[in-house]
Enquirer: 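Next up is a structure, given as structure tokens.
Sequence lines set the chain letters: A, B, ... in the order given, protein chains first and strands last, and positions in each chain run from 1. The shown structure was predicted, so the numbers you read here are calculated from the model rather than taken from an experiment.
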Amino acid sequence: MTTDTASERRAQPQRYDPLAIEPKWRARWEADDLYRTPDDDPRPKWYALTMLPYTSGDLHIGHWFAMAPSDAAARYKRMTGYNVLFPMGFDAFGLPAENAAIKNKTHPAEWTAKNVEHMRGQLKLMGAMFDWSREVVTADPEFYKWTQWWFLQLLKHGLAYKKKAAVWWCPKDQTVLANEQVVDGKCERCETVVAKRELEQWFFRITNYADELLDTSKMQWPDQVNLMQRNWIGRSTGAHLTFGLDIPGVAEDEITVFTTRPDTVFGVSFFVLAPEHPLVAQITTAEQREAVRAYVDAAGKTSEIDRMSTEREKTGVFTGAYVTNKFNGQKVQVWIADYVLATYGTGAVMGVPGHDQRDFDFAKKFGLPIVPVFQHPDWDGGELTAALPHGGVMINSGPLDGTPDEVAVETAIKYAEEKGYGKGAVTYRLRDWLISRQRMWGAPIPIIYCDDHGAVPVPESDLPVELPADAEFRPTGESPLTYHEGFLNTKCPTCGKPAKRETDTLDTFMCSSWYQMRYIDPHNGERPFSRELAQKWLPVDQYTGGAEHAVMHLLYTRFFTKAARDMGIIEYDEPMVRLFNQGQILGPDGQRMSKSRGNVVAPDSQVERWGTDTFRAYLMFLGPWEQGGPYDASGITGIYRWLSRAWNAATADVPTASQPDVPATRELRRWTHKTIKRVTEDIEGFRFNTLIAALMEFTNELIRIRESGATVDADAWREAVESLALMLAPPCPHIAEELWEQLGKPYSVHTQTWPTYSADLARDDEVEIAVQVNGKVRDRLKLPLDAPEDTAREQGMASTAVTQHIEGKEVVRVIYVPNRLLNIIVKG
RNA sequence: GCCGAAGUGGCGGAAUGGCAGACGCGACGGUCUCAAAAACCGUUGGGCUUCACGGCCCGUGUGGGUUCGACUCCCACCUUCGGCACCA
């Protein structure tokens, strides 16, 4: 834009020219620091947050889809009297940076920094009210120093521990693979068949908080997210029961199972261990050793998703060993089968084919006995074709025979406890959070291994443990930290003797579990954030982001918050009070946008062609925000036309008079107030699509009034166009600012107060109702608002269109819904 | 497979127990133009019927149910999307 063309435009009748006005206002806002959020503002605070983008390299349409409506909502809050914090940053650690490093022979830091630079520029095109002075980059040592600090706090408070856990291992590349790097059971790089391998890894005790995480009463989140988290946590009540083991040379004399059906224990006809169960190797007999080993190997190559499938035919191998069911003294065979997971319960199940479908399928396949232990009312005593559901009374259960289903579980637990065979227990599907990653591009776990002192935490004063700048990536994907001598070798903080650093890094979900806290005090060098600022800003009032994060990220950040509260770092219970999950935007072909599919629509190209405001509004207009869907650029012209019309309506001269047309003025006021009402309610409810539609209708009405030639009251017209500019401010910040200026109002539209409506002015005087006969619309009536039933009935019955259908028939009932319809029910 | 969500004109969608299709795209017809584009105006769910005004029937993934009335509530099913713990 040059000043020449700008002044020419000014002199001529002005057309909507977004490419001229948008950069102008963005530069002005930045120069004025319009979006700097002060910490000492007396207005009530509002912390609005949208999930930070991963530094993939290019800002995606999906980012705009997530952030532009979020920005509109934040702007609206600001206009309703809040001091709004709306920060932005970058999630910068992760696997793609390492892949790029291997491919381009660069350091991931270089790739990441370049992407941050580029994406920040792209984000600025959005014209959002981000306070850039608070930007955080999670791969920056200034930030990850504190991610490491969090690890140390959790360790100090007994919430971090080490244990063995399985990872995908590529035997050729000698490296750990992520789930997504395993394609059809093979390494994506070299196509070698991969298998699980056990490594010592760090965990956080999220299961300590399982019950509290089930409590969603202190937040207002969508039901489906709460439900998904509830199912993910998967609290099951039942019992731990012990089975006797008597095998020469094996130290253990029992194995414990978890079961939700201790009442079926007399129906146990076999016993199954997960192939990974630690006792498998010890109890297997010599004859079965080869078969068991082969099965364990095969199970190590199968993904958990496949193993959990109830459709897959059951497989398993007899170990040759037996356990004793203490309840009836019976000895049953011990099998291993991959439908039993080592990560759930105790990794062992009692096989009750009469009452569990998976056990039933297993017993059928391997010819194991099926003994029902409930006389279910629907069961005739014949051979079963499926496991029996709950119901009936206990049979074949010795001392417990005759116990009804309703009290069977508690009775069985009581009996087990009395006899010392087991006790009531609760188990969760949720597992402790594995945070070790055998990767370079993450925050190093601040631990030093000393021969004398074991795993010693790095002293807080030595943080950050920085990643080496000269890391060299091998094409295998092996972490360079494992062979970087300078990084590896250090001294034990306790004794000063030579020691080795932990080479694993922290899961990137750790960064995103606390980043919202860092925004409130991003430059603090002493602490992750100050207590005073935490008091002022936290928790987040409104969080928005993709539904794909409904469980993991959102559960992890809730855990962090609760742990931080218990460690005395913060004083609230939930990280985000309100949550809204927007849907995912897809390519025009309905597939996920990706370079390999060639269906990527770049937001920059849309902005260059139509301007930021048009693109923002189009994304909002596409449909319900929570749904997402394919992006089809062809409809965007409609938004551009609308903004042009809005521009024309707001800038045009309209016939006004001191003796205005009263009905036309009334109509204009009604439209203005009705629209404010609709738009206010829509933005409060994140219904951006209908918000835009309401503004379109309002714009069309303004143009209709102008072209009708009616002379309207000058104040009413001014109120209408000023309201239009104010309501455009959240979705379309640039055109709103320009129109506001052209209307002669003081800078800036974004610091104005949101318009309010009068319910009286918004109300319709007259409504049209449907008149139905037996539910079919036969006529329509114009009635005064809230007309009494008598009026409606009288006029409805008088209509010839109606009498045609009720003539000669008996009116049995009349239903009147004021302002909606009159339904006449006739018979005969 | 399990958990969560969604299916409405040619397309995106609106209406969450009360007139299905708001708003927009596209298409068709028109105005302007030498022409085209842009802009503007009109029509636009399907079928039958009427010279016309109009009228009638069908229609919200499929099948059943509740109700005076169902896109909306209930049951079963189908399809698509998100998540399933090392992609972020």
Enquirer: On RNA chain B, compare the nucleotides closest to A:Y640 and A:D432; which residue's is nearer the 5' end?
Expert: A:Y640

Enquirer: Does A:R704 have a side-chain nitrogen or oxygen under 4.0 Å from the phosphate oxygens OP1 or OP2 of B:C41?
Expert: no

Enquirer: So which nucleotide from B:C19, B:A85, B:C23 ends up closest to the side chain of A:A693?
Expert: B:C23

Enquirer: Is the closest side-chain heavy-atom distance between A:C732 and A:F615 below 4.5 Å?
Expert: no

Enquirer: Mind checking if A:W168 touches a base, just sugar-phosphate, or nothing, with heavy atoms under 4.0 Å?
Expert: nothing

Enquirer: Out of B:C68, B:A85, B:G4, which has the shortest distance to the side chain of A:N231?
Expert: B:G4

Enquirer: Validate the cation-pi geometry between A:R429 and A:W232: distance from NZ or CZ to the six-membered ring centre under 6.0 Å, angle to the ring axis within 45°.
Expert: yes

Enquirer: Ring of A:W671, cation from A:R704 - is the NZ or CZ under 6.0 Å from the centre and inside 45° of the axis?
Expert: no

Enquirer: Tell me, do A:R431 and A:Y344 make a side-chain contact under 4.5 Å, heavy atoms counted?
Expert: no

Enquirer: Nearest to the side chain of A:H805 - B:G83, B:C56, B:C19?
Expert: B:C56

Enquirer: Scan A:V225 against the nucleic acid and name what it touches under 4.0 Å (heavy atoms): base, sugar-phosphate only, or nothing.
Expert: nothing

Enquirer: Would you kindly check whether a donor in the side chain of A:Q201 faces an acceptor in the base of B:C86, or vice versa, at under 3.5 angstrom?
Expert: yes

Enquirer: Could you give the CZ-to-C1' distance, from A:R641 to B:A37, as a whole number of Å?
Expert: 12 Å

Enquirer: Does B:C84 have its OP1 or OP2 closer than 4.0 Å to a side-chain nitrogen or oxygen of A:N179?
Expert: no

Enquirer: The side chain of A:D632 is closest to which nucleotide in this list: B:G24, B:C11, B:A5?
Expert: B:C11

Enquirer: Can you tell me which nucleotide in B:C3, B:C19, B:G13 comes closest to the side chain of A:N689?
Expert: B:G13

Enquirer: Compare side-chain N and O positions of A:R429 against OP1 and OP2 of B:C3 and report whether any pair is under 4.0 Å apart.
Expert: no

Enquirer: Determine whether a donor-acceptor pair (one donor, one acceptor, N or O, separation below 3.5 Å) exists between the side chain of A:R439 and the base of B:C86.
Expert: yes

Enquirer: Contact class for A:Y54 vs. all strands (heavy atom < 4.0 Å): base, sugar-phosphate, or nothing?
Expert: sugar-phosphate

